[in-house]
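Taking it in order: structure first as structure tokens, then the write-up.
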Amino acid sequence: MKNIAGQKPALLWATHLAVAFMVILWIIPTFGLLVSSFRTGDQISTSGWWKSLFATEQVEGFRIASPEDQVQEGDLYVIEGNVFTDGGAEANTLSAWGTSSRDVSAYAPGDVAELRDGGTITIAENGDYRLENSEPFEGSRGERVFGTVSEPPTFTLENYDRVLFSGSSTDGMQKAFLNTMTVTIPATVIPILIAAFAAYALAWMDFPGRALLIAGVVALLVVPLQLALIPLLKLHLNIGIGKGYMGVWLAHTGFGLPMAVYLLRNYIAGLPRDIIENARVDGATEFQIFTRIILPLSFPALASFAIFQFLWTWNDLLVAKVFLIDASGQTTVMTNQIVELMGTRGGDWEILATAAFVSIAVPLLVFFFMQKYLVRGLLAGSVK
Amino acid sequence: MAPALQGLLTIVIGISVCIGYFLGSNLLLDTLFPPRGPRAGRNINIANMVRPWLFLFPAMFALGLYLAYPVVETLRLSLTERVPGGGYVWAGLDNYIQMANEPKFWEAIINNMLWLLVVPGLATVFGLLAAQLTDRIKWGNIAKSIIFMPMAISFVGASVIWKLVYDARPAGQEQIGILNAIVVALGGQPETWLTIPFWNNFFLMAVLVWIQTGFAMVILSAALRGIPEETIEAAIVDGANPMQIFFKIKVPQIKGTIMVVWTTTTIIVLKIFDIVFAMTNGQWGTQVLANYMYAKLFVARDWGVGSASAIVIMVLVLPILVWNVRNARKEMN
């Protein structure tokens, strides 16, 4: 049925255009930061990132080597060299040149021009020049020429090198990256098992108060974790955990559980009744049913939740700030490090962009490879 | 010990303890009340009564300690005052009154209301649009992936991304933020978007709309596909145009899902912290409740007022909480 509307070509075109517009709007901000992370600080602050994708053309002035460098070839005095040598950019090309600032593109590459003080000059496309004169060149300074230079896009990996491997405590993300991993992995794994058992009980065991407990889980799903900050910090300080990894693991486990229980219960409750009842009739214990039947069958739901919890703990700032990061700064995570960079090095886009991309890269990889599970989890997890 | 090792060890210990607990407690139950022998029937009944609670205990304990208890404790803290030298005294509504006298608090409330008006609505509308349009074209799945992608990006990462978009250089200099570059190319003056009073809120909201649209699109796209074909066929036979089909046939049928998307985004908006914290930290009139609370708790160290503002967030969430619970119960019956 969906091609009915599409039979009108104008409407189909409008759809294509509208979607293309939206896609461009959605991708451009991220793409801009990605491009910026491969540019030097100078490049970022002098031109917009979108310009770096194309060759840039600009008029530059050059000074030819001084007459001291002239050599005698037969009865000609010659000065040779390359206008780009001091710039070091070998891929630059010259599209026009001139000998006077009043007419900077008077000649095409390869043309021969007369010099005011006598002699001729020619400049090739790659910047090689040759001055010829029948008499020796005089003066102490070289001739001045102008050229329209086109520079190809240049990118660098230097920023990533600096952010990932320099070990600098302000710019480096090495330690923060490891810390984020240390927070994320246990905080993703631990809630799964706890939640799976509870979800099974809520889905397939009959006991008084079950409906009430499910309602409770649904209610806790939306309790803002802001409420939990102070009481739990107090609790952690009182029982001696203090600020540290143990505290942040426990907090993430607690905050992730309502979603985990809700999502897994919905999925497990949807498993076919026959399988479970047959197993019960065959004398399997509830524990066996859970480990041998429910867990393997629930893999898609477990994967969905794991991805959610991973993204959420990896991207979290607030919980880490409250339960983990102490004054020593040894346990900083990437999100916190980036916020600090924004404060201290707000203008240094090359470091900021690269640091942000290092932190974004892992969730993006997870996103693109496991999108299927993510979508499935979203559909099951939104309270209907 | 290196934290990474400690992490690994915690995973191993955590999982072993979990498995040990579930295995051990179930074994213990079966040993105490064996499902055989002269009292097998009675034993099975007792075991069946106890076992669900064995399965539930760790989760319920963690939920109770980490989410339910804090609600009560925060409410208590919001009614008390810390006295120098330690200890708390009953303060009644003092914290709330003090909060109500702060202009920053009202700024946060008004801004939060603005966010509530704008973000869930825009995210849902864009999501619905994207869902409807991408379903009709061949490269729709790629388009969906791209629109969905910001979901994976942290609020902090998104803040950096958008700060570059909003970057401003003095007039006459080359602009490196794409928004100002466009404005200048169209003949306008560059603006420092994040410091324009009132309107800067909308530039922050754009970031969340950008993130949340993908979520709305995914959910609504699934709902659109679930609409029975017959209803659309009937509408076409009756001569409805595509606009009418969309607004009069499709949208009413997915109203429930639209509400789900709306409320879910509303909750996220009420808790919004990272974007404001990272981009403006509440300066230039962009304060929101969650950031106000953070500032009270960890900068001003005023736990009483901080807890009071957390309770305000809770009260705002409450209607949605009740609505969700009622819906969930309806669905189960």
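No hydrogens, no waters, no symmetry mates; every other heavy atom, side chains included, goes into these values. Residue numbers begin at 1 in each chain, while the letters A, B, ... track the order of the sequences.
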Can you tell which part of [X] gets under 4.5 Å to a heavy atom of chain B, answering side chain, backbone, both or neither?
X        : result
A:Ser36  : side chain
A:Pro208 : backbone
A:Val362 : neither
A:Ile185 : both
A:Ala356 : side chain

Donor-acceptor pair, distance only, cut-off 3.5 Å: does the side chain of [X] make one with the backbone of [Y]?
X        : Y        : answer
B:Thr74  : A:Leu227 : yes
B:Trp162 : A:Pro29  : no
B:Trp210 : A:Trp26  : yes
A:Asn315 : B:Ala152 : yes

Sub-6.0 Å ring centroid separation between A:Tyr200 and B:Phe55:
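Centroid distance A:Tyr200-B:Phe55: below 6.0 Å, so yes.
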[X] side chain near [Y] side chain, heavy-atom distance below 4.5 Å:
X        : Y        : value
A:Leu235 : B:Leu65  : yes
B:Glu73  : A:Lys234 : yes
A:Phe207 : B:Met49  : no
B:Tyr66  : A:His252 : no
A:Phe357 : B:Val160 : no
A:Val223 : B:Leu321 : yes

Under the side-chain hydrogen bond (donor to acceptor under 3.5 Å, both in side chains) rule, collect the residues that match up with B:Thr266, sequence neighbours excluded.
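If we apply the side-chain hydrogen bond (donor to acceptor under 3.5 Å, both in side chains) test to B:Thr266, skipping adjacent residues, there are no hits.
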Pick whichever of B:Phe273, B:Tyr294, B:Phe22, B:Phe126 has the most heavy-atom pairs under 4.5 Å with chain A.
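It is B:Phe22.
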Non-hydrogen atoms of chain A under 4.5 Å away: do they reach the side chain of B:Leu297, the backbone, both or neither?
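Just its side chain gets close to chain A.
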